[in-house]
Amino acid sequence: MTIIGHLINGQNLADSTRTQDVFDPAIGEVTKQVALASKATVEEAIASAQAAFPAWRNTPPAKRAQVMFRLKTLLEDNAEKICAMITEEHGKVLNDAMGELQRGIENVEYACAAPELLKGEHSKNAGPAIDSWSEFQPLGVVTGITPFNFPAMVPLWMWPAAIVCGNTFILKPSERTPSSTLFICELALEAGLPAGVLNVVNGDKEAVDTLLNDDRVMAVSFVGSTPIAEYIYNTANANGKRCQALGGAKNHAIVMPDADMDNAVNALMGAAYGSCGERCMAISVAVAVGDEAADSLVEKLQARMADMKVGAGTDNSNDMGPLVTAQHFAKVKGYVDLGVEEGATLVVDGRGLSVEGYETGYFLGGTLFDNVTADMRIYQEEIFGPVLCVVRANTMQEAMDLIDAHEYGNGTCIFTRDGEAARYFSDNIKVGMVGINVPLPVPVAYHSFGGWKRSLFGDLHAYGPDAVRFYTKRKTVTQRWPSAGVREGAQFTFPSN
Ligand code: NAD
C-alpha cells in the first residue's frame, strides 16, 4: 500500500516506523497510509530549512516571486489531478475542490507581488540630513500546521507568503488528507524553489510538539479546531515564538423579515451544506427575525432539501459528499441525536441515508433543526457537519446579541434589503468577517482572513497584508552622513526635530 512520506531538503522520505490509515470516505476503505514523522525526522527538516535560510534570505524578492509565477501555471496545469486527490481523501465534490484550489491559487498570485509588498517605508530628511527607513526582514525558519478540510487552500494561505518574504518553511499537513498538500509542495520545487526552502513533515502531535519546542523555529501559523489552536498558541508563546492560531466557528446568518427569502434560502443551502458543512465559514445557525420570516425560511429550506443530491464527490452532479472519517461521522450523527434529546424540532433528518453503490461510505444527509435555543449544546458547539440550526428571534438586536454572546466570532452575515440595518450590523457585530447578502464572506487574497473571540488566537490574520507583517519583522534604520554643513557638537538632550 502507498505510504505518503515527507519532503525534506528536496527529497521524498518515508520514515514509516509509525503510520496512520488514510481513508476514501465515499467507500469507507483505507486506500493509503501516511507516515507519522518522529522527532528526529522533524529535526532533520528544521536543519534543512535552517541551512537553506541564508541564501534564500539574500535572494532578491523578484527572483523569489518568479517561482510563484511558475507555480501558478503548474497548479493550473495540474488542477484536475490535485482535485481528484482532495476528493479521494476529503470526500468533497470535485467542483468544490476546484473552488478551493482556485482560492489557493489566488494566494500564490498575491505572493507574486513580493517586490512591491516588501518595499518598506522611507522618510527623507527625518531630521537635518537624516534619512530613516523601515524594512521588513524575514524571521528565519517558520512553520504551518493545517486542518483536514482545505488541504490545498489553507497551506497556500501560509507558505507562499512566508517564502516570498524570505523565510524557509516546514509544513505539517493534516494526517487525514495529506496527498494533495504534499503534491502541491512538490510542484513548488519543480517551479524552482531551492531544496530546503519548503519542507513537509507529515505527522501527529509528536511532529507538532517538536516544531513548537525547537528554538530554531521562529513562528507558527496554525489553522484547526479551537482547543488545539489554544494549545498551539500558548505553547508557542511560552517558547517565545510568534504565533497566529485560527480556530473553530459557529457562523450565524440573520434572516430579516424584509430579506429576499428565495435568495436567502439559495445562499443558506450552499453555505450550510456545501462541503458537507466541513468549512470553517459554513453557516450553521440561521437566526430568523420574527415568526413569519422563520416559518417561511424553514418551509422553503425543507422543500429545497428534498431535492439535495448526496453522493460520491467524484460525481459533479452531487451537491455534497460524505463526511471525512468514520469517527467524524459518529460525532456529527451524535449531535443530531443530541438535538432531538435537547428538544429542538427535527425538520429534516439526515440520519439513515444510504447511497446506492456507496453503502459503506460516511454519508449523512442534510439535517435541519428548528426552534433551537441558546442553552442547547447543538447551538453552542461546533458540529462541523451538514446540520443547520434555526433560532427564532424577535428583533435584529436580539439576533445580534446572540451572535455577540457566542464564544466564536469567525464569520457572519445578514440577509436584508435595508441598507441602514446592514450598515448597523456590520459596524457593530463582534465577528471578524461579515457578509451582507453574502453567506460565505471569505476575504479575497489581497485582504486578510481571521475571526474574533475564540476563533483566532493572536493579533494578525492569515494571508494578504497581515501575512506579510506576520512573516517579517520590521527594522527601522536612521542614517546620517556627517558633512561640514551639519557637523555639530555633542548633544545631551533627547534628539527631536
Ligand atoms: P484539528 O484541530 O483536529 O487538527 C488541525 C491540525 O492540528 C492537524 O494538522 C493535526 O495533526 C494537528 N493536531 C491535532 N491534534 C493535535 C494535538 N493534540 N497536538 C498537536 N497538534 C494536533 O482540526 P481538523 O479537524 O483537522 O480541522 C477542522 C477544524 O479546523 C474545525 O474546527 C474548523 O472550524 C477549523 N478550521 C478553522 C479555519 C479558520 O480559518 N478559522 C479554517 C479551516 C478549519
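In what follows, residues are counted from 1 in the order of the sequence shown. Read the numbers this way: they start at 1 and go in the same order the structure lists the ligands and their atoms.
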Chemist: Heavy atom to atom 19 (N) of ligand 1, shortest distance: which of Q20, K250, E278, K205 holds it?
Modeler: K205

Chemist: Is the closest basic N to carboxylate O distance between K92 and E278 below 4.0 Å?
Modeler: no

Chemist: Should one rank P178, G247, G203, P173 by closest heavy-atom distance to atom 37 (C) of ligand 1, which comes out on top?
Modeler: G247

Chemist: Non-hydrogen atoms of W157 versus ligand 1: any pair closer than 4.0 Å?
Modeler: yes

Chemist: Report the member of M433, E382, H328 with the shortest heavy-atom distance to atom 32 (O) of ligand 1.
Modeler: E382

Chemist: I'd like to know whether ligand 1 has T146 as a neighbour, heavy-atom separation below 4.0 Å.
Modeler: yes

Chemist: Does K172, backbone or side chain, put an N or O under 3.5 Å from an N or O of ligand 1?
Modeler: yes

Chemist: Would one find more than 12 heavy atoms of other residues, nucleotides or ligands at under 6.0 Å from atom CD of Q11?
Modeler: no

Chemist: D209 vs K39, test: salt bridge (charged side-chain N to carboxylate O under 4.0 Å, His left out). Steps then yes/no.
Modeler: CA-CA 9 Å; D209 285 345; K39 185 166 188 279; over 6 Å; no

Chemist: For R176, counting its heavy atoms only, list the atoms of ligand 1 lying under 4.0 Å from any of them.
Modeler: 3 (O), 24 (P), 25 (O), 26 (O)

Chemist: Report yes if N149 has an N/O atom closer than 3.5 Å to an N/O atom of ligand 1; otherwise report no.
Modeler: no

Chemist: V223 versus ligand 1: do any nitrogen or oxygen atoms come within less than 3.5 Å of each other?
Modeler: no

Chemist: When you check the gap from the basic side-chain N to the acidic O, do E106 and R103 get nearer than 4.0 Å?
Modeler: yes

Chemist: Hey, what's the ring geometry for F449 with Y463, parallel, tilted or perpendicular (30° and 60° as the breaks)?
Modeler: tilted

Chemist: For the side chain of S284 and the backbone of K250, is there at least one donor-acceptor N/O pair under 3.5 Å apart?
Modeler: no

Chemist: Taking the six-membered ring for Trp, are the ring centroids of H252 and Y379 within less than 6.0 Å of each other?
Modeler: yes

Chemist: Counting only non-hydrogen atoms of the protein, does one fall under 4.0 Å from atom 4 (O) of ligand 1?
Modeler: no

Chemist: Considering only heavy atoms, which of S225, G432, S455 lies nearest to atom 23 (O) of ligand 1?
Modeler: S225

Chemist: Ignoring angles and geometry beyond distance, decide whether F148 reaches within less than 3.5 Å of ligand 1 through its nitrogen or oxygen atoms.
Modeler: yes

